[in-house]
Amino acid sequence: MKKNIIAMNASIMIGLGSILAAPSVYAESISNLEKQKESIQDKRSGVESNISETEKKIDNLQDKQMTAEDQIAAIEAKIAESAKKIDAKNAEITQTKKEIEALKEEIKVLKERIAKRNEVLKERALSFQETGGDVNYLEVLFGSSSFGDLVDRVGAVATIAEADRDILKQHELDKKDLEEKQKAVETKLASLEVAKAELLEIQKQQKQQKQEKDALVKKLKQQTKQHEDEKMGLEEEKANLAAQEKAIKSAISLEHQRLAELEAARKKAAAEAKKRAEQEAAQAAAQAASQASQATETKKQSTSSGYSAKSNSSSSSSSQSSSNVSQAPAVSSGTFTRPSAGYVSSTMGERWNKQHAGIDIAASGTVPVVAAADGVVSRSYFSSTYGNVVFVTHSIGGQQWTTVYAHLSSRQVGEGAVVAKGQQVGIMGNTGHSFGQHLHFELHKGPWNYSKSNAVNPLNYINI
């Protein structure tokens with residue numbers, strides 16, 4: 001009898017020991033979750049700093065772009081001004097060429113006039129040669145019949161001589177005028193051509209400057225777009241980290257609740273164990289004779305109860321299995337379960353010159369998508385790339401994990417929801433940047449980030 005009491009007390013103490021040991025496990029889990037929360041807060045701070053730096057880069061690029069665009073506008077104005085000047089020079093050149101044509105006609109007339117004068121002078125020279133030059137004038141003078149006739153003849157000779165001198169002088173003047181006009185027109189035309197060439201060179205340089213500024217603006221726009229995309233990614237990462245922090249807080253709250261419930265159960269179990277020990281000690285002597293029969297009866301009841309529980313468990317399992325077969329993939333053992341039915345249409349790795357950070361599972365019809373493990377929904381929203389997407393944060397053995405379920409046709413859980421392993425979170429679809437119905441599934445050892453540096457291959461953790 002004494003041995004039976006000792007064995008019974010030992011059994012009670014073992015049960016109490018397991019209950020007493022559990023709080024330390026939950027306390028360690030809470031400590032790990034607190035560390036994860038602090039890590040997420042640090043990462044959020046870093047992401048916010050990166051967003052601020054990216055915004056400064058965008059502002060700087062936009063300032064440079066505005067400056068370049070202002071410079072382009074100024075260059076375009078200069079190009080337009082140069083074009084006007086070139087048009088004006090072309091008009092002057094055209095007018096000068098017309099003047100040259102007119103001058104050619106004048107030159108032609110002058111040449112004819114000079115030729116005629118040359119003929120007159122030649123005749124005079126010939127006459128001088130035939131009459132002996134000055135002798136001819138003397139004969140004219142000496143042949144006068146009277147003094148009056150002499151005076152008239154002297155006047156006539158003087159007039160003829162003066163006329164010859166005038167012809168020679170006009171001849172020289174016309175020749176000089178012709179040469180000056182030719183030189184002036186040629187100089188003017190050459191000057192206009194040089195001015196036009198200079199304007200064309202200036203315009204060429206201005207157009208080259210505009211091309212360079214256009215290329216700069218294009219480059220600045222591309223850089224701005226890259227930084228804006230980076231900012232969007234960082235903002236999405238920030239939102240995800242905030243959601244994950246909220247999920248971790250929810251998980252901590254759940255752990256505290258479980259710890260409180262466990263503490264209450266421990267106290268209740270301890271009180272009941274103490275009461276049972278006292279009752280059994282007081283009744284030990286009186287129950288010695290009936291102890292064997294009670295043990296037999298207890299064994300029968302235990303067998304019956306075990307069979308009933310097994311039967312119920314089998315029935316429940318069968319019902320759940322039947323439900324899973326028609327609604328969702330069966331929940332598997334291990335840390336993670338398969339997130340949906342279908343075949344793997346694309347694995348993790350390089351795809352389209354980009355890193356494919358997860359796997360694609362494709363199937364037709366209405367295909368349920370389930371949580372790969374117990375966790376808290378950190379995000380449930382529509383993304384331009386992911387489409388309808390659900391993020392779930394998990395805390396498993398002190399390690400934070402994040403699963404992503406993308407391109408869903410619909411979402412059936414909201415942010416902050418606590419989901420169980422195998423619980424439906426949505427329906428497979430083709431939303432966002434997607435080609436054909438499939439589930440894009442990502443597994444991250446740690447929080448999700450824009451660079452997806454924590455992504456691991458789901459096929460190494462889940463049997464699909």
Side-chain angles (χ1 to χ4, degrees), residues 239-240 243-244 246-248 250-251 253-254 258 313-346 348 357-383 385-396 400-434 436-444 447-448 455-456 458-459 461-464:
N240 276 305
Q244 288 176 10
K246 184 178 178 182
I248 292 292
S250 177
S253 176
L254 287 173
R258 290 174 186 171
S313 174
S314 175
S315 174
S316 174
S317 175
S318 174
S319 173
Q320 184 178 5
S321 175
S322 175
S323 174
N324 285 334
V325 168
S326 59
Q327 297 295 327
V331 177
S332 63
S333 59
T335 306
F336 299 100
T337 191
R338 181 188 182 104
S340 76
Y343 66 96
V344 177
S345 59
S346 182
M348 182 175 177
I359 62 172
D360 294 342
I361 303 174
S364 59
T366 303
V367 184
V369 175
V370 302
D374 296 345
V376 178
V377 177
S378 53
R379 294 208 74 186
S380 176
Y381 72 114
F382 185 87
S383 163
T385 52
Y386 280 136
N388 280 313
V389 62
V390 172
F391 287 70
V392 179
T393 298
H394 315 271
S395 179
I396 302 171
Q400 181 186 349
W401 297 81
T402 306
T403 50
V404 180
Y405 312 81
H407 306 316
L408 304 174
S409 64
S410 63
R411 293 171 278 119
Q412 297 181 353
V413 289
E415 293 182 7
V418 178
V419 294
K421 182 180 182 182
Q423 179 179 334
Q424 188 168 337
V425 296
I427 301 293
M428 185 185 291
N430 187 29
T431 58
H433 189 64
S434 171
Q437 177 173 297
H438 70 284
L439 167 67
H440 175 74
F441 177 73
E442 294 178 13
L443 178 62
H444 300 261
W448 181 96
V456 295
L459 296 179
Y461 297 84
I462 306 172
N463 185 19
I464 297 180

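Owing to the predicted nature of the structure, the values given are computational and were not obtained by experimental measurement.
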Item to complete: Taking all heavy atoms of Ala357 and all of Ala455, pick out the closest pair and write down the distance.
Response: O-CB, 3.8 Å
Discussion item. I want to check something: taking the side chain as every heavy atom from C-beta on, are Met348 and Leu459 in contact at a cut-off of under 4.5 Å?
Written reply: no
Discussion item. Rounded at 0.5 Å granularity, tell me how far OG1 in Thr335 sits from CD1 in Ile462.
Written reply: 9.5 Å
Worksheet item: Can you tell if the side chain of Ile427 reaches within under 4.5 Å of the side chain of Gln412, non-hydrogen atoms only?
Response: yes
Worksheet item: When rounded to the nearest 0.5 angstrom, what is the spacing between CD1 in Ile396 and CG in Asp374?
Response: 8.0 Å
Worksheet item: Below 4.5 Å, heavy atoms only, C-beta onward: do Val389 and Tyr381 meet side chain to side chain?
Response: yes
Item to complete: Please name all residues satisfying side-chain hydrogen bond (donor to acceptor under 3.5 Å, both in side chains) with Glu415, sequence neighbours left out, ordered by chain then number.
Response: none
Worksheet, complete the sentence: Sequence neighbours excluded, the answer for ring pair (Phe, Tyr, Trp, His ring centres under 6.0 Å) partners of Tyr461 is Trp401
Worksheet item: Looking only at heavy atoms, what is the nearest atom pair of Pro339 and Pro329, with distance?
Response: C-CG, 4.3 Å
Worksheet item: Shortest non-hydrogen contact from Ala363 to Ala341?
Response: CB-O, 3.9 Å
Practice prompt. Measure the shortest side-chain to side-chain distance between Val369 and Val390 over non-hydrogen atoms and say whether it is less than 4.5 angstrom.
Written response: no
Worksheet, complete the sentence: Nearest heavy-atom approach of Pro447 to Thr402 is CA-OG1, 3.6 Å
Practice prompt. Look up atom NE2 in His433 and atom NE2 in His440, then write down how far apart they are to the nearest 0.5 Å.
Written response: 11.0 Å
Worksheet item: Sequence neighbours excluded, which residues qualify as side-chain hydrogen bond (donor to acceptor under 3.5 Å, both in side chains) partners of Thr431?
Response: none
Worksheet entry | Min side-chain heavy-atom separation Leu408-Leu439 under 4.5 Å | yes
Discussion item. Check whether Thr337 reaches the backbone of Gly422 with its side chain - one donor and one acceptor, N or O, closer than 3.5 Å.
Written reply: no
Worksheet entry | Contacts of type side-chain hydrogen bond (donor to acceptor under 3.5 Å, both in side chains), residue Ser383, not counting sequence neighbours | Thr385
Discussion item. Checking Ser434 now: which residues fulfil side chain to side chain contact (heavy atoms under 4.5 Å, CB included) with it, not counting sequence neighbours?
Written reply: His407, Asn430, His438
Practice prompt. List for me each residue that meets side chain to side chain contact (heavy atoms under 4.5 Å, CB included) alongside Ala372, sequence neighbours excluded, and say none if there are none.
Written response: Phe336, Thr403, Tyr405, Phe441
Worksheet item: Considering all heavy atoms of both residues, which atom of Ser409 and which atom of Met428 are nearest to each other, and what is their separation?
Response: OG-O, 3.4 Å
Discussion item. Using the side-chain hydrogen bond (donor to acceptor under 3.5 Å, both in side chains) criterion, which residues pair with Trp448? Sequence neighbours excluded.
Written reply: Tyr386
Worksheet entry | Backbone of Gly365 reached by a side-chain donor or acceptor of Gln437 within 3.5 Å | yes
Discussion item. Within this structure, what is the CD1-OG distance for the pair Ile464 and Ser340, rounded to the nearest 0.5 Å?
Written reply: 7.5 Å
Worksheet item: What pair of heavy atoms forms the shortest contact from Ser378 to Val392, and how long is it?
Response: OG-N, 4.1 Å
